[in-house]
*Asks:* 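Sharing a structure, written as structure tokens. Questions coming.
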Amino acid sequence: MPASDLIYDVGMNNGDDTAYYLHRGFRVVAIEANPYIVRSCEARFCREIAEKRLTILNVAIGPQPGVAKFWIYLDRPEWSSFSPGRAVACGLQTKVVDVRVRNFGSILQEFGVPHYLKIDIQGCDIYCLQELSRNT
């Protein structure tokens, strides 16, 4: 059974959606692969994190746990992904970092099934949906 006060923000980006969910009184588990965005959001939401209303996971979602190369698009951080193709095609500057990868099922087991799930993770959304269907 879903927790009525829990929302997952998978692909947190700048945290605007997370801010809305928190404002509405929900607990939020936010997931973001880009470590620079995570640091910014940790500063933005330090009070909510201290109050235990927000948990931010600096991980990527994938089919298997591990570590993967992640391309951060310095000019367009919201486009960052596991594929360098888009950045190269657009001539964007990138920085490659190693990112910890988790299976979404392990996150569901750790935090519970949410009331609502927002997913925006550049083509990897299917990994969340597959695990959600297995865990509900």
Side-chain angles (χ1 to χ4, degrees):
M1 174 144 219
S4 62
D5 68 338
L6 178 62
I7 290 181
Y8 286 176
D9 186 355
V10 183
M12 179 184 199
N13 192 19
N14 65 9
D16 286 350
D17 290 342
T18 291
Y20 175 77
Y21 305 141
L22 290 166
H23 173 75
R24 301 288 300 180
F26 291 97
R27 289 182 303 122
V28 178
V29 174
I31 300 167
E32 176 59 50
N34 186 325
Y36 302 106
I37 290 175
V38 168
R39 280 198 288 268
S40 174
C41 286
E42 285 172 341
R44 177 181 179 184
F45 296 109
C46 62
R47 187 182 84 234
E48 292 83 355
I49 293 168
E51 294 170 347
K52 305 222 183 286
R53 295 187 318 119
L54 172 61
T55 301
I56 300 175
L57 303 177
N58 186 189
V59 299
I61 301 299
Q64 310 258 31
V67 175
K69 299 285 183 206
F70 188 72
W71 278 261
I72 297 173
Y73 300 175
L74 301 175
D75 303 319
R76 299 293 305 257
E78 69 275 12
W79 287 3
S80 299
S81 74
F82 290 111
S83 171
R86 188 181 208 182
V88 172
C90 295
L92 300 176
Q93 291 187 354
T94 62
K95 178 174 184 168
V96 181
V97 297
D98 287 331
V99 175
R100 185 170 157 234
V101 178
R102 284 188 68 179
N103 174 278
F104 191 63
S106 73
I107 294 170
L108 289 170
Q109 289 175 357
E110 182 176 350
F111 295 99
V113 175
H115 168 73
Y116 180 78
L117 169 62
K118 182 220 98 182
I119 312 168
D120 184 6
I121 52 175
Q122 306 303 328
C124 294
D125 305 44
I126 190 67
Y127 301 129
C128 290
L129 297 174
Q130 288 170 337
E131 291 300 320
L132 186 64
S133 69
R134 289 185 187 115
N135 286 278
T136 57

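When reading the values below, keep in mind they use all heavy atoms of this one structure, side chains included, and skip hydrogens, waters and symmetry mates.
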*Asks:* Going by the ring-ring contact (aromatic ring centres under 6.0 Å, His included) test, which pairs reach into residues 45-68, not counting sequence neighbours?
*Replies:* none
*Asks:* Mind listing the closest non-hydrogen atom pair of Leu6 and Phe26 along with its distance?
*Replies:* N-CD2, 4.3 Å
*Asks:* About how many Å separate CE of Met12 and CD1 of Ile37, when rounded to the nearest 0.5 Å?
*Replies:* 9.5 Å
*Asks:* Applying ring-ring contact (aromatic ring centres under 6.0 Å, His included), can you list everything that pairs with Tyr127, at least two apart in sequence or on another chain?
*Replies:* none
*Asks:* For Ser80, what residues pass the side-chain hydrogen bond (donor to acceptor under 3.5 Å, both in side chains) criterion, not counting sequence neighbours?
*Replies:* none
*Asks:* Are the side chains of Tyr8 and Leu108 in touch, meaning some heavy atoms are under 4.5 Å apart?
*Replies:* yes
*Asks:* If the condition is side-chain hydrogen bond (donor to acceptor under 3.5 Å, both in side chains), which residues does Glu110 pass it with, not counting sequence neighbours?
*Replies:* Arg102
*Asks:* Working to the nearest 0.5 angstrom, can you tell me the gap between Gln109 CD and Glu131 CD?
*Replies:* 8.5 Å
*Asks:* Please round to the nearest 0.5 Å and tell me the distance separating atom CG of Leu54 and atom CG of Leu22.
*Replies:* 5.5 Å
*Asks:* Does a side-chain heavy-atom distance below 4.5 Å link Phe104 with Ile121?
*Replies:* no
*Asks:* Measure the OH-NE2 distance between Tyr21 and His115 for me, rounded to the nearest 0.5 Å.
*Replies:* 10.5 Å
*Asks:* Just jot down the salt bridge (charged side-chain N to carboxylate O under 4.0 Å, His left out) partners of Arg44, sequence neighbours excluded, or say none.
*Replies:* Asp16
*Asks:* Hey, what do you get for CG (Leu117) to CG (Leu129), rounding to the nearest 0.5 Å?
*Replies:* 7.0 Å
*Asks:* By side-chain contact (heavy atoms from CB on, under 4.5 Å), which residues pair with Asp120, not counting sequence neighbours?
*Replies:* Lys118, Gln122
*Asks:* Minimum heavy-atom separation for Asn13 to Cys41, with atom names?
*Replies:* O-SG, 3.5 Å
*Asks:* Any idea which heavy atoms bring Thr18 and Asp9 closest together, and the distance?
*Replies:* OG1-OD2, 2.6 Å
*Asks:* Among all residues two or more places apart in sequence or in another chain, which pass the side-chain hydrogen bond (donor to acceptor under 3.5 Å, both in side chains) test with Arg39?
*Replies:* none
*Asks:* Donor-acceptor pairs under 3.5 angstrom involving side-chain atoms of residues 55-70: please list them, not counting sequence neighbours.
*Replies:*
unit_1: Asn58; atom_1: ND2; unit_2: Glu32; atom_2: O; d: 3.0
unit_1: Asn58; atom_1: ND2; unit_2: Ala33; atom_2: O; d: 3.1
unit_1: Lys69; atom_1: NZ; unit_2: Asp98; atom_2: OD1; d: 2.9

*Asks:* What residues, two or more places apart in sequence or in another chain, satisfy side-chain hydrogen bond (donor to acceptor under 3.5 Å, both in side chains) together with Arg53?
*Replies:* Glu51
*Asks:* Quick one: list whatever passes side-chain contact (heavy atoms from CB on, under 4.5 Å) with Leu74, sequence neighbours left out.
*Replies:* Ile72, Gln93, Lys95
